[in-house]
Number of protein chains: 2
Amino acid sequence: MQYSDNIIDALSIDCVIFGFKDTQLYVLLVKHGIGPTLGQWALPGSWIRYNESIDAAANRILSSQTSVGDIYLEQFKTFGDLDRFPARRVITIAYYALVNIEKFELHAGPTEADVQWFKVWDVPTMPFDHKTIFESCLSFLKHKVQHEPIGFNLLPPKFTLLQLLELYEAILNQKLDKSNFRKKFLKMNLLVDTKERQQDVSHRAATLYRFDENIYNKLLDKGFVFEI
Amino acid sequence: MQYSDNIIDALSIDCVIFGFKDTQLYVLLVKHGIGPTLGQWALPGSWIRYNESIDAAANRILSSQTSVGDIYLEQFKTFGDLDRFPARRVITIAYYALVNIEKFELHAGPTEADVQWFKVWDVPTMPFDHKTIFESCLSFLKHKVQHEPIGFNLLPPKFTLLQLLELYEAILNQKLDKSNFRKKFLKMNLLVDTKERQQDVSHRAATLYRFDENIYNKLLDKGFVFEI
DNA sequence: TAACCTTATAGTTTATTTTACCACAAGTAT
DNA sequence: ATACTTGTGGTAAAATAAACTATAAGGTTA
């Protein structure tokens, strides 16, 4: 075993970390600083240790790229084709994270040369099956945001309805009607009016809203189903 | 390594195999014939071999319980809590299958004492985290059948609209309006009228329909989205 | 300061879909 | 022949979604 003795050498974790800024959806990639894939951009990943759950392992990887905790992170899919990893048989469990890009301070880990955000429609070639994992994850996200209120994790805690609209447009890759989008969201009673306004904008300031997990859970109990 | 040398000993596969018959949804369980869990009912599972992909491994497990091929099988989720397996650290990849219960000839594998269908609302206690996996899978299926036309895999190739209705009622665990259900499905143009009728029923015979994968794919290309 | 941007926000109107029923058809059983 | 069961087509009302219009609320600029 070439890396460490207390890892499961047939199993790794890879993370697709999404961020959003100015109408653009981004994914975080790391540039490998050692090994045969040196210099290549890839999904952040690592081995799973014997004494940590797979969720814990995914969280550890996320923490190693940033200083912010409490991030939306969920398992996505496991990839286990025979030839996906060249050196030996390795199966990888893919996770995806949704982060507020503003609060996300990047720092490369010890084996990484660089960390950078890439627009999701313009990612570089990646080693192994990372491109497959990423694309599969992006289409998964596209589906997911329409059925569960998770998009907020990509925005600041307080956001405007236009930001939310632009987020959905970025993920779904299509234009949406502003007025109808507002109505649909407000009608759900999922968003809380913070009574605050946008600052420093050169036009009429919009109301800031926030998403409240508790309200969502109460709605769920009443049989509410989130749909966009 | 206690079982074999050419397996990955930290990784297993478990299958949740669903079947449907007479308004009831079933799950297939095996009774362990050896080892510390002897006599207990559990999800069919096995180790992954070094020279097979995880999809191939799942198919192998499925084949070992039956003689029918070409079965709907999909990866569902990976479970990797620290204490999920008592003897040592084992992470399991859960798959789920949808089968036509009529064509499914059961036979217990070499290490199994028995194989049996259980009603999903009445499953026995199971070892490890199999109950968690099963319940998580059932709610996943509930969600999935509403967004993808996969339910047909649980029915015979030719089926009536009432059978389809009852299937959905069983999975969603709720009553549906017969007339509206018919209309919704027929309007999709997803079902092909076989021009055949039910045989040997003591009432007006219903039309038999079949699901055509090719038609579905063509509809998909045109932007069709399956929704129940 | 008034005209003019830009974005926010509140309708309105029309089309479409869903829901809750109803009525009759087509068979079998008595 | 009549009753009973399930199949099948339809309608009317209600709810939703889509397309579009109008006006408000700022800041910017001539």
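Below, read A as the first sequence line, B as the second, and so on, with proteins coming before strands; counting in each chain starts at 1. Heavy atoms only: backbone and side chains are in, while hydrogens, waters and symmetry mates are out.
- As rounded to whole Å, 17 Å separates atom P of C/dT7 from atom CZ of A/F181.
- A pairwise comparison of heavy atoms in B/R84 and B/T92 identifies NH2-CG2, 3.3 Å as the closest pair.
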Enumerate the protein-to-nucleotides 11-17 of chain D contacts in which both atoms are nitrogen or oxygen and the separation is below 3.5 Å.
| residue | atom | partner | partner atom | Å |
| --- | --- | --- | --- | --- |
| D/dT11 | O4 | B/K183 | NZ | 3.0 |

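- A donor-acceptor pair under 3.5 Å is formed between the side chain of A/Q198 and the backbone N or O of A/A206.
- Here C/dT9 presents its P atom at 15 Å from CZ of A/F185, a figure rounded to the nearest Å.
- Of the side-chain N and O atoms in A/K178, one or more sit less than 4.0 angstrom from OP1 or OP2 of C/dA8.
- For B/Q198 and D/dT6, the CD to C1' distance is 9 Å, given to the nearest whole Å.
- Tested against B/F79 for a side-chain contact (heavy atoms from CB on, under 4.5 Å), the candidates B/D14, B/I91, B/I93, B/D129 yield a single pass: B/D129.
- One atom, CZ of B/R197, and another, C1' of C/dT28, lie 15 Å apart when rounded to the nearest Å.
- For A/R182, no side-chain nitrogen or oxygen approaches OP1 or OP2 of C/dA8 to under 4.0 Å.
- Other residues, nucleotides and ligands place more than 12 heavy atoms under 6.0 Å from the NZ atom of B/K131.
- Ring-plane geometry between A/F185 and A/F181 is classed as tilted, the angle between the planes lying from 30 to 60 degrees on a 0 to 90 degree scale.
- Summarising the geometry, the separation between CG on B/L186 and P on D/dG7 is reported as 13 Å, rounded to the nearest angstrom.
- The interatomic distance linking B/L208 (CG) with D/dG7 (P) rounds to 11 Å, in whole Å.
- If you find the closest nucleotide of DNA chain D to B/A206 and to B/D177, the one lying nearer the 5' end belongs to B/A206.
- Applying the 4.0 Å criterion to OP1 and OP2 of C/dT9, one finds that A/S179 has every side-chain N and O outside that range.
- Side-chain atoms of B/F224 and B/L190, non-hydrogen and from C-beta on, do get closer than 4.5 Å to each other.
- Side-chain contact check for A/L186 versus A/Y209: some heavy-atom pair is nearer than 4.5 Å.
- Put simply, the side chain of A/H130 gets close to the backbone of A/L43: a donor and an acceptor are under 3.5 Å apart.
- You'll find the side chain of B/E112 stays beyond 4.5 Å of the side chain of B/K31, heavy atoms only.
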Short heteroatom pairs, N/O only, protein and nucleotides 27-30 of chain D, under 3.5 Å:
none

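- In this structure, B/Y96 and B/F140 have perpendicular ring planes: the angle between them is above 60°, well past the 30° mark.
- Atom CD of A/E227 and atom P of C/dT18 are 12 Å apart (whole Å).
- Scanning residues 142-168 of chain B for heavy-atom distances under 4.0 Å to DNA chain C yields an empty list.
- Using bins of under 30°, 30° to 60° and over 60° for the plane-to-plane angle, the ring pair B/Y216/B/F211 lands in the tilted bin.
- C/dC21 atom C1' lies 16 Å from atom CG of B/L176, rounded to whole Å.
- Classified by interplanar angle (parallel below 30°, tilted 30° to 60°, perpendicular above 60°), the ring pair A/H143/B/H147 is perpendicular.
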